[in-house]
Amino acid sequence: MPTSQGQSPGQGQSPGQSQSPGQSQGHPQRWLILGVILLATLTVLLDNTVLNVAIPSLTEELDASTADIQWMINAYSLVQSGLLLTAGSSADRYGRKKMLATGLALFGIGSLVAGLAQNATQLIAARAGMGVGGALLMTTTLAVVVQIFDETERVKAIGLWSTVNSLGFAAGPLLGGVMLEHFWWGAIFLINLPVAALALVAVLKLVPESKNPRGDRPDLLGALLSTVGMTGVVYAIISGPEHGWTSLQVLGSGAVGVAVLAAFARWELSIPHPMLDMHFFRNQRFVGAVAGAILVAFGMGGSLFLLTQHLQFVLGYEPLEAGLRIAPMALSVVALNLAGVGARIVAKVGTPAAIALGMTMLSAGLAAIALLGGGTDGGYGGMLLGLVVMGAGISVAMPAMANAIMSAIPPEKAGVGAGVNGTLAEFGVGLGVAVLGAVLHSRFAALITVAAASLPAALASAESADERARITDAFSSGLETSQLVGAVAVLLGGLLAAALLRRAERADSESAVTMAA
């Protein structure tokens, strides 16, 4: 049954529960439900990166071109990121449990079609369908967490949700590598089927229904504008590294996306029941959390994108070996969040200080990778140190920021809040890849004399061992510069986010004192 007046359990009675003194105001089966949600979330996140290691197999067995491969990888993330806000709004209106179950069903069907695809076109279409299911899952899972946990446990629950996000991002290449060593490429999709089926049964049996009790009319034009706008911007970010940031394709897509998003913002301000209330952006708590969330994803996404290239092209590791060497970041996030470290830090020092601490550690990790782990001698100690420190910072900052975003949005709009959070993560990762990649390649192109602008092409054109060494040294220098740029951006952004959140908390306290007087 729906929660009373769309409230989160921390603000009203939870579904199917009677309260007694001293009892936590959360759903009685909340931790079991969280386990189901995390299982569904992990399945979706793995598919963001699992396909990367299957590129050689797909090229050979499906006779896929370079453009086909690009669309196989991007169709999923492009559709998912474009639909996040619309999916969140739909969950608020029609029911979060209903949309969660629908997302699992669509994701499972898409996985089956992908695993049995006979050509590149079928696989691209299946990946797009999986992206629709993924958008519904990513928004409804976080929205349900907000509904079933009260304020005393919500930070810890969101911390575990964030842990799965980090684990899924890093574990995709590992899982793909293991599966491809024993099975054909379709197995990386078919393995989703039993997981999706189990999660679907558990959702239908355990998860309580909740939705916005006001039943606002659907904002169909807003949904269309947000989907088109986000798709245009994300496509520009995704295609920039391959087609060039000044190409007509990238600039045109980006310009259309920004223009449509501006029209979306104007439309949302003009209607009585907007999908995304733009007045949220007047809330300093919301703006501070938004800025921090983008920059955490910026640092993590950009750094891992570049480190993967460094490990494979410069140090010569296979994809699975490279994935294993990046895994310590995700493992540190998992270990610290399972131990509840992030939630305890938030409870002890407050959200602003926790975000400042986490972002400072993330910045320090990026700097350590730049100064100690980016060389060509094969040394791994500096990179390991940087990855562990980055993971520690993410485990502190990410749950605090997700909780801050969700707390700044009314409980009846939890789906939209989750959509905003997911959109920011996608945008931040894309921005990190774009900006840090541009810094690296600018430095790389300035240091080498060969005509090729990319590392693989430059290495292929090298005529001697000395020339190859100069090329890899240039790439390492570019990596160092890009990671330092990322470190500075993350540090300054984290301090700004913390300052905005601190100011918002002070304003809330002064307002409460005034009302009490």
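This is a predicted model, so every value here is computed, not measured. For reference, positions follow the sequence shown, starting with 1.
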Closer than 3.5 angstrom, by distance alone: can the side chain of [X] be matched with the main-chain N or O of [Y] as a donor-acceptor pair?
X: R503; Y: A498; answer: no
X: S363; Y: A487; answer: yes
X: K97; Y: P208; answer: no
X: R30; Y: F149; answer: no

Can you list, pair by pair, the side-chain donor-acceptor contacts under 3.5 Å of residues 350-359, counting residues two or more places apart and other chains?
none

Among all residues two or more places apart in sequence or in another chain, which pass the side chain to side chain contact (heavy atoms under 4.5 Å, CB included) test with [X]?
X: K98; answer: E209
X: A117; answer: Q122, L123, W185
X: L38; answer: L34, L160, W161, V164

Nearest atoms (heavy-atom pairs only) where [X] meets [Y]:
X: S332; Y: G391; value: OG-CA, 3.1 Å
X: A135; Y: A87; value: O-CB, 3.7 Å
X: G257; Y: V233; value: C-CG2, 3.7 Å
X: L204; Y: A101; value: CD2-CB, 4.0 Å
X: G393; Y: M361; value: CA-CB, 3.7 Å

Using a 4.5 Å cut-off on heavy atoms from C-beta on, say whether the side chain of [Y] contacts that of [X].
X: V195; Y: L39; answer: yes
X: L137; Y: T41; answer: no
X: M130; Y: F189; answer: yes
X: L366; Y: V490; answer: yes

Margin query: Give me each pair satisfying side chain to side chain donor-acceptor pair (under 3.5 Å) with a member in residues 100-114, each pair once, sequence neighbours excluded.
Written below: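 Side chain to side chain donor-acceptor pair (under 3.5 Å) check on residues 100-114 returns S111-N192.
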Roughly how far apart are [X] [atom1] and [Y] [atom2], rounded to 0.5 Å?
X: E268; Y: L221; atom1: CD; atom2: CG; answer: 8.5 Å
X: L224; Y: T86; atom1: CG; atom2: OG1; answer: 8.5 Å
X: I33; Y: L206; atom1: CD1; atom2: CG; answer: 6.0 Å
X: L385; Y: I369; atom1: CG; atom2: CD1; answer: 9.0 Å
X: T141; Y: R96; atom1: OG1; atom2: CZ; answer: 12.0 Å
X: S395; Y: M390; atom1: OG; atom2: CE; answer: 12.0 Å

Note to self: Could you go through T360 and L491, starting from their C-alpha distance and side-chain angles, then the distance that decides it, and tell me whether this counts as side chain to side chain contact (heavy atoms under 4.5 Å, CB included)?
What the structure shows: CA-CA 5 Å; T360 300; L491 177 61; 3.7 Å; yes
Check: Out of T139, I37, V203, V36, which residue meets the side-chain contact (heavy atoms from CB on, under 4.5 Å) rule with V144?
Finding: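 That would be I37.
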Next item on the list: Answer yes or no: are there more than 12 heavy-atom neighbours, outside L193 itself, under 6.0 Å from its atom CG?
Entry: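 Enclosed: over 12 neighbouring heavy atoms sit under 6.0 Å from CG of L193.
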Item checked: Which residues share a ring-ring contact (aromatic ring centres under 6.0 Å, His included) with W184, sequence neighbours left out ->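 Listed in chain order: nothing, the list is empty.
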